[in-house]
Amino acid sequence: MSEDPSAMPLQLTVNGEVRDLRAAPWVTLLDLLRETLQLTGSKKGCDHGQCGACTVLVDGRRVNSCLILALTRDGSEVTTIEGLAKDGALHPLQQAFIEHDALQCGYCTPGQICSAAGLLSEGQARCREEVRELMSGNLCRCGAYTHIVEAIETVRLSGAEAAA
Amino acid sequence: MADGDMTIGKPISRIDGSKKVAGRALYAAEYDAPGLLHAAVVSSRIAKGKITAIDAIEALALPGVIAVLTHENRPRVAAFRYAYKDTVGPPGGPFKPLHDGKIRFADQPVAVVVGETLEAARDGAALVRITYEEEAFETDLDAAKAASFRPRLPRLGVKPAPKPRGDFDAAFAAAPIKIAAAYETAAQHHNAMELFATTVVWEGEDKITVYDKTQGSQNVQLYLKQALGFKLKNVRVVNAFVGGAFGSGLRPAHSAFLATLAAKHLKRSVRLVLTRAQMFSITYRADTRQEIALACDAEGRLLAVRHACVAATSRNEDQQETIVNWAGLAYACDNAAFDYQLARVDTPTPGDMRAPGAAVGVHVLECAMDELAYAAGIDPLDLRLRNWVEHDQNDDLPLTSKAQKACYAQAAERFGWSERSFGPRTMRDGHELIGWGVAGGVWDAFVAPVPTRARVTWRRDGRLEVAAAASDIGTGTYTILAQIAAEAFGVSVERVEVRLGDSTLPFNPVEGGSWMAASTGAAVAKACDKLKAALVKTARKQFKLRGKSALSVARGAVIGEALPGGAVSLNEILAAVGQDIAATGTNLPDLAGQRKHSSYVHSAVFAEVRVDEELGVIRVKRIVSAIAAGRILNPKTAGSQIIGGMVMGIGQALHEEAQTDHRFGKVMNHSFQDYHVPANADVGDIEVIFVQEHDPDVSSLGVKGVGEIGLVGVAPAIANAVFHATGKRIRSTPITIDKLLD
Ligand code: FES
Ligand code: FES
């Protein structure tokens, strides 16, 4: 495919790896991840910032990557679900999601886990109620919510995320 | 888990979990291909009429756009409607995408724009100018129901309304206590998280691999073959992972057709993803208008039951669900009458959505039972128990099992029902009114109506492979099939590899109605028996054993005193043979048994709501649901299935409705912002209890299926709790603030 003449350069550090990329101004971070970098772990459920399936961490903060034009984050550090596991070992949240069966179809799961990782590093949630509230931007049509909260609470209370 | 441990019935974590949490599970839009093109759909702006002109000049001028396909320039496709029939659709003529210039419903696909990039296709779609001539249409069920009718042809696998029994009119007239009420249920959309998507990989002359979001790979394979003129063997459909479906993927979606059409036209690989808004034009749970009348004596014994329903369907097909039958089945009653009618609206054909029919029919029945309990001054749980029945009065057949009494008892105990005060508005906590409601649930214990197959292979690498063209749409199919095979061979689940979601694998019907565990599971069990026999035979030959020396398979080995050391591992046996050994099992529906008895799965649901007295805001504080579903293969994944149904039940009760503006004939809230599905904070504490139920007659594994029952009974338990809290009987779902404050 011939390159889009409107494409402009941008540099991102994606899951620890520096990537020199080019993107047209209208390409979202989500589409860049999925289509250009083949990092399809970040999901598209609405493309409108309404479901959280596309949640990734940009400079440590959780964001809906479908709402971000990739070029506006030149120089940023992006962590996707593919980058959460370290040295082949699952992130404590990933492990907890499996153990608590906090997923069914799995489509919302990467977004839930990235969002939970962001939530824990924000240090905002101090109880189940707050986790429920602060995770409400991530929809799960399979309805795994109670297990999602249990998984996050297990990790939060163990303090394991600090070590991860 | 170690080899030799029992695995069936254990809460094993799903075996596909590690792929899913790591983002390594690939869904339909996530397969790449060399030179992949992107396609976007243009949707009709009007609800009915015809296209008078199409101007694609601007779209085609956009850099990166390479084709605009419409009914005017598309390649030749099948003309006859039977070619578009799939294995599960209702009677009538299916919608034929891009067939002609007629518009039959709002947001109907009218053009496909293909581009080098996702953005080019999407932006090109916005530039196609279409001129229409509008015609009068009707999307309002309340208006359409004036012309309601009884379906002429029944839908395969759906029971028509039962025959009346006794004399409803006389019994109702003479009864001392009675209620009669009209209910409404709103149209709902499945809204699985994954967008409808299809990636068609062009493999060369008329050969394609299609990655599709569907509940049945072989159903889509057959459809694409017939509608688009491929050879069956040249179409492979893969749905290894499906991001939820809830019924929306039972029938082939028009996205699969359109993507394949574009690929065929361009002889290139094409990916098409619908937008969330466009998914509202695929199918939906039909809205209904229902009437119910119940009468009882002073002791609460039912004397008369009548349930009637008018449900929406499209102009072209007669979608049918089992809605009114439950009223004749759930409780003992000798005088019963039923009516089930359809009314045509100008929308896509409604379809099955989780617990089709029961979701809305049992809702109305269970709300009405609550109304009757209050009319009779009897505790609502007590009223249900006083009308206990263990016979299917609709079909006059015995039930294979019904452990629902245990459901009521255990869930009531857990919930603390005995602490409830009878009167409405008698429990509160500050400014919040507290309401406790109960409902029973019932759903078919289906076994697939056609033969179901599975292949099991002991491989030389020491792994046991299970393969079937079944689907795992989040249901846990991968895991339970691994458990069944692991147990048969006495090996750990980790040694089992399950391959699903591929039309080239042994035949399976579409995943729907919760029959997969019972049917595909039984096919796997049979395949394992055959494979074990084959392995024993091989061992006999290898060790030249004659006569009757007993051999069996356990812990991954053939065991028998005649063997050296008393056991030889299967790996050794295979190494000597030099090849993998496979066997295929087939599960046939027990048609004779189905004529001798009926089987249903049951539940009891207790819900607590809190209602803000001034604001009318309803919160679901907690729900306890007890389920009797025969043998539970995996309480962890089955429990999640039930919880998922319960969450959708909260949505049905309080949130979900397609809001159609009947001036435009269009669903206006076609986004996650405006069509609210339950979010984390909407869901309070949820508890699931599986009660013991031994049922050897329902299916060979004693399994009944858990995909639907979790939903049934939840909405009425919540609605009844809202009545208990507020004294207001809201006979229309969803129960929104405006209705409560009205
Ligand atoms: S895809 Fe980004 S929020 Fe839904
Ligand atoms: S697991 Fe299916 S949407 Fe959350």
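Lettering follows sequence order; numbering is per chain, from 1. Predicted model only: the values in this text are computed from it and were never measured.
Here the shortest heavy-atom pairing between A/G45 and B/F672 reads O-CE1, 3.7 Å.
Here A/K44 does not pair with B/E30 in a salt bridge; the nearest charged N to carboxylate O distance is not below 4.0 Å. Using a 4.0 Å cut-off between a side-chain N of Lys or Arg and a carboxylate O of Asp or Glu, A/R141 and B/E656 qualify as a salt bridge.
Interface remark: of the candidates A/I148, A/V27, A/T80, A/V27 forms the most heavy-atom pairs closer than 4.5 Å to chain B. When the candidates A/A85, A/P110, A/G106, A/A24 are compared by the number of heavy-atom contacts under 4.5 Å with chain B, A/G106 comes out ahead. Residue with the most contacts toward chain A among B/A25, B/A192, B/S671: B/S671 (heavy-atom pairs, distance under 4.5 Å). Listed options A/E82, A/E133, A/Q38, A/H48 were ranked by heavy-atom pairs under 4.5 angstrom with chain B; first place goes to A/Q38. Counting heavy-atom pairs closer than 4.5 Å to chain A, the top-ranked of the candidates B/A681, B/S18, B/G23 is B/A681. Taking chain A as the reference chain and counting heavy-atom pairs below 4.5 Å, the highest number among B/M646, B/R354, B/M279, B/H190 is found for B/H190. If you tally non-hydrogen atom pairs under 4.5 Å between each of B/G64, B/G474, B/A29 and chain A, the highest count goes to B/G474. Chosen from B/A120, B/A245, B/G243, the residue pairing most often with chain A at heavy-atom distances under 4.5 Å is B/G243.
Using a 4.5 Å cut-off between heavy atoms, A/L90 touches chain B through its side chain atoms alone. Contact of B/I650 with chain A is not made at all, since no heavy-atom distance falls under 4.5 Å. Both the backbone and the side chain of B/P678 come within contact range of chain A, judged by heavy atoms closer than 4.5 Å. Neither the backbone nor the side chain of B/D472 comes within contact range of chain A; no heavy atom of the residue lies under 4.5 Å from a heavy atom of that chain. For chain A, no part of B/F241 is nearby; none of its heavy atoms comes within less than 4.5 Å. The contact between B/R271 and chain A is made entirely by side chain atoms (from C-beta outward), counting heavy-atom distances below 4.5 Å. For B/T275, no part lies near chain A; criterion is any non-hydrogen pair under 4.5 Å. Interface residue B/I473: only backbone heavy atoms are found under 4.5 Å from chain A. Heavy atoms closer than 4.5 Å to chain B are found in the side chain of A/E35, but not in its backbone. The contact between B/V242 and chain A is made entirely by backbone atoms, counting heavy-atom distances below 4.5 Å. The parts of A/S136 that come within reach of chain B are both its backbone and its side chain, each placing non-hydrogen atoms under 4.5 angstrom from that chain.
The closest donor-acceptor contact from the side chain of B/Q673 to the backbone of A/Q50 lies at 3.5 Å or more, if one exists at all.
Interatomic distance, B/T117 OG1 to A/W26 CH2, rounded to the nearest 0.5 Å: 8.5 Å. Distance OH/A/Y145 to CG/B/D682: 7.5 Å, rounded to 0.5 Å. Going from atom OG1 of A/T146 over to atom CD1 of B/I686 covers 5.5 Å, rounded to the nearest 0.5 Å. Here the straight-line distance linking atom CD of B/Q641 with atom SG of A/C142 works out to 8.0 Å at 0.5 Å rounding. To the nearest 0.5 Å, the span separating CG on A/N138 from CG on B/N680 amounts to 8.5 Å. Expressed to the nearest 0.5 Å, how far CG of B/N191 lies from SG of A/C46 amounts to 10.5 Å.
A/I113 has its side chain within reach of B/V21: a pair of non-hydrogen atoms, C-beta onward, lies under 4.5 Å apart. Taking the side chain as every heavy atom from C-beta outward, A/D47 and B/R276 never approach each other to under 4.5 Å. Contact check for A/C140 versus B/M193: no side-chain heavy atoms found under the 4.5 Å cut-off. Using a 4.5 Å cut-off on side-chain heavy atoms (C-beta onward), A/Y107 and B/K20 make no contact.
Residues of residues 95-105 of chain A lying under 4.5 angstrom from chain B, judged on non-hydrogen atoms, are A/F97, A/I98, A/E99, A/D101, A/L103, A/Q104, A/C105 in numerical order.
By the neighbour-count criterion of 12 heavy atoms within 6.0 Å, atom NZ of B/K636 is densely surrounded, having more than that number from other residues, nucleotides or ligands.
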